[in-house]
Amino acid sequence: ATIDNILIWSVNAKLPTMFNGQQPYECCPLAAVVILLCTSILVTGAKESARFNTVMTILNLAVLGFVVVAGWTTGSVRHDNLFTPSFFPEGLDGVARAAGLVFFSYLGFDMVSCLSEEVIDPERNMPIGIVGSLVASTFVYFTVSLTVVGMLPIKLLGDDIPVVNALLANACCTYEEQLEDIDNLDSDHQYQCLSYSSCEPPLGNNSSFTFSLLLVGSRVVSIGAIFGLTTATFACLMGQPRIFFSMAQDGLLFKIYGRINPKTGVPTAGTVLTGIMTAFVACFIDLESLANTISLGTLQVFSFVNAGVIVLRMTPPLTSIATEMEDNVDGDRGVNEKSYEEVKAEPNIFDEQSGLLISSGKRRSSRYSATDAKSTRRHSHMLPDDGGFVLVERASREFRSSYLSTVVNGDGSTAKSGSHIRLLEQNGNKPYWLTLVITILAVLSSMGFSRRWPIWIWITTLGFLFVSIIALSRLSKGSPPDTFSCPWVPAVPLLGILCNSFMMGSMPLSTWSAISAWLLVGVCFYFSYGIHNSALRKTTIMS
């Protein structure tokens with residue numbers, strides 16, 4: 001009894017009433033303990049953390065595999081459970097709400113990308129790891145969900161521990177007894193098939209082995225759920241300090257997050273601080289609100305990633321533009337010193353089809369030195385990164401006014417050179433605006449569908465969304481990178497934005513309020529601290 005009381009207190013401890021009026025506030029000390037234990041393992045080093053994560057993942061997969069095997073081999077999965085009353089008892093809106101609620105379980109995939117500096121051959125291994133684990137996890141989730149839903153009528157599954165209920169009910173009751181239990185719900189609103197105290201072998205074809213397997217399995221799964229929560233928590237705690245480290249390197253965050261332990265190679269201070277903050281939140285915020293907020297935040301981040309793919313493919317990197325400008329300056333200098341026939345005779349300099357003087361970054365000679373790089377920075381006056389809305393707008397204006405160099409054509413006329421510069425001139429800021437408009441319209445369309453808005457408002461929103469997608473699809477695209485890249489841009493990223501928006505629109509308004517407040521805090525911190533300490537911004541101002 002003492003152990004049971006301790007376990008109950010660790011999951012549902014009540015604080016004194018002075019913290020919340022007359023109603024005691026409930027917290028979960030066990031969640032804080034698990035997070036602090038994971039944090040203590042993470043500070044030991046990347047290899048040790050990877051080994052621990054591998055062990056937890058194997059245990060988690062073993063538990064899920066047991067559920068699938070037990071469900072199908074004991075004959076507990078029934079066709080009637082899958083399609084009674086229907087395969088979608090809550091409709092498509094219920095599917096969207098459920099998918100949005102459990103989306104936080106996919107946090108680990110984007111966190112893995114933060115470990116690229118600690119991976120061997122990251123350009124090859126990171127895409128394989130992320131895509132491979134995503135496909136495998138989706139298959140496992142689909143298989144387990146289909147098995148559990150087929151093992152028990154939907155009303156008996158419950159909201160908190162459906163996997164445990166599915167095993168326990170099939171151990172204690174036959175299918176007919178389960179239906180009878182649903183019709184004869186007692187006054188305490190407790191199902192007899194879900195009670196360990198009243199569980200006995202059913203009077204059916206179930207053998208004693210099947211009864212023991214399912215009953216003991218339900219207890220094993222209760223313990224095994226800790227492994228699943230641990231792996232998700234561990235992946236997030238491993239990746240988040242790396243994100244803070246990257247931000248601190250630029251000055252966007254406090255410098256303490258950028259300190260590396262020379263012995264372990266781990267940002268120890270950032271990991272410890274992240275663990276403490278996460279433990280506090282997990283202990284005092286209720287699970288439903290926390291899960292909804294994390295899921296909505298994750299969906300927003302994934303939508304930003306999809307939009308970023310579109311923008312990067314349709315907006316040239318400013319470093320490439322600066323390189324092309326430097327090439328053009330060198331080309332103009334060559335034209336002034338040599339005749340047209342001499343320039344045409346030189347290899348890799350003159351393009352017969354376009355009649356343009358070219359010199360791509362891949363063909364540049366060894367004479368390009370640090371002096372040329374400084375000259376490029378003086379010419380560009382922009383950040384040496386891959387874009388940004390304000391920078392692209394500034395680049396477009398500056399290039400049109402003074403920095404677009406000209407070269408000699410065969411007929412003596414002039415023409416602008418550089419594929420990146422031409423892409424910037426053609427698209428300008430349109431990729432930014434269109435992806436923003438598409439994301440907003442997609443979320444509004446989903447809200448209109450889930451909240452039953454007037455049909456004319458919903459159709460109008462869908463019409464504007466369709467027109468925006470067509471406009472974005474007609475923009476010019478740059479060449480994909482030589483490494484792993486997203487295929488079929490912008491079709492694949494747009495599908496990602498639409499799917500994420502469909503789930504975001506079904507989230508409760510209270511969750512949107514919490515996310516809006518959190519985003520406001522982040523924006524205020526950026527404009528009050530980050531923007532004033534950014535190393536890239538200081539470099540731009542100095543140049």
Side-chain angles (χ1 to χ4, degrees), residues 59-92 94-95 97-99 101-103 105 136-186 188-229 231-232 287 291:
L59 293 175
N60 187 31
L61 291 176
V63 172
L64 296 178
F66 167 79
V67 173
V68 174
V69 173
W72 289 96
T73 56
T74 59
S76 301
V77 178
R78 298 179 59 91
H79 178 273
D80 296 338
N81 291 332
L82 289 174
F83 296 96
T84 302
S86 68
F87 193 73
F88 301 109
E90 299 295 332
L92 292 178
V95 174
R97 291 199 307 270
L101 178 62
V102 303
F103 203 82
S105 60
S137 299
T138 303
F139 175 77
V140 171
Y141 182 84
F142 169 81
T143 305
V144 173
S145 299
L146 187 66
T147 302
V148 172
V149 172
M151 291 179 67
L152 201 63
I154 192 69
K155 291 185 177 180
L156 284 177
L157 280 177
D159 298 329
D160 298 328
I161 48 174
V163 179
V164 175
N165 290 342
L167 294 171
L168 178 60
N170 281 278
C172 304
C173 303
T174 62
Y175 178 69
E176 290 74 17
E177 290 173 341
Q178 295 170 9
L179 297 179
E180 183 179 352
D181 196 13
I182 294 175
D183 296 333
N184 301 324
L185 185 63
D186 59 26
D188 295 332
H189 299 284
Q190 293 182 353
Y191 294 107
Q192 296 299 317
C193 292
L194 302 179
S195 174
Y196 281 102
S197 58
S198 61
C199 184
E200 297 180 356
L203 301 176
N205 297 326
N206 286 23
S207 64
S208 59
F209 173 76
T210 301
F211 167 76
S212 302
L213 177 68
L214 295 176
L215 183 62
V216 175
S218 65
R219 297 183 181 275
V220 172
V221 170
S222 299
I223 300 174
I226 300 176
F227 302 143
L229 295 175
T231 53
L287 180 60

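From a predicted model like this one, the values you see are computed outputs, not experimental measurements.
Within the structure, no pair that satisfies the salt bridge (Lys or Arg N to Asp or Glu O under 4.0 Å) test touches residues 137-155, not counting sequence neighbours.
Applying the side-chain contact (heavy atoms from CB on, under 4.5 Å) criterion to R78, with sequence neighbours excluded, gives D80, N81, Y175. Applying the side-chain contact (heavy atoms from CB on, under 4.5 Å) rule to S195 yields the partners S197, S198; only residues at least two apart in sequence or on another chain are considered. Residues satisfying the side-chain contact (heavy atoms from CB on, under 4.5 Å) test with V95, not counting sequence neighbours, are F88. Residues that satisfy the side-chain contact (heavy atoms from CB on, under 4.5 Å) test with F83, not counting sequence neighbours, are H79, F87.
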Between Y141 and S145, is the side-chain contact (heavy atoms from CB on, under 4.5 Å) condition met? List the steps.
CA-CA 6 Å; Y141 182 84; S145 299; 3.6 Å; yes

Could you walk me through whether C193 and C172 satisfy the disulfide (SG to SG under 2.5 Å) test, starting with their C-alpha distance in whole Å, then the side-chain angles of each, then the deciding distance to 0.1 Å, before giving a yes or no?
CA-CA 6 Å; C193 292; C172 304; over 6 Å; no

Decide side-chain contact (heavy atoms from CB on, under 4.5 Å) for N60 and L64; before the verdict, give the C-alpha distance in whole Å, the side-chain angles of both, and the deciding distance to 0.1 Å.
CA-CA 6 Å; N60 187 31; L64 296 178; 4.2 Å; yes

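Between atom CG of residue L168 and atom CG of residue L152 there is a gap of 9.5 Å, rounded to the nearest 0.5 Å. T147 contributes atom OG1, which lies 9.0 Å from atom CG of L82 (distance to the nearest 0.5 angstrom). Between the CG atom of L146 and the CH2 atom of W72 there is a distance of 5.5 Å, given to the nearest 0.5 Å.
Here the rule is side-chain contact (heavy atoms from CB on, under 4.5 Å) with L156, and of N170, N165, L179, I182 only I182 fits it.
For the pair V164 and S222, the tightest heavy-atom approach, listed with the atom from each and the gap, is CG2-OG, 3.4 Å. The shortest heavy-atom contact between G224 and V63 is CA-CG2, 3.9 Å. Of all non-hydrogen atoms in L214 and A171, the two that sit nearest each other are CB-CB, 3.5 Å.
Residues L157 and M151 fail the side-chain proximity criterion, which asks for heavy atoms closer than 4.5 Å.
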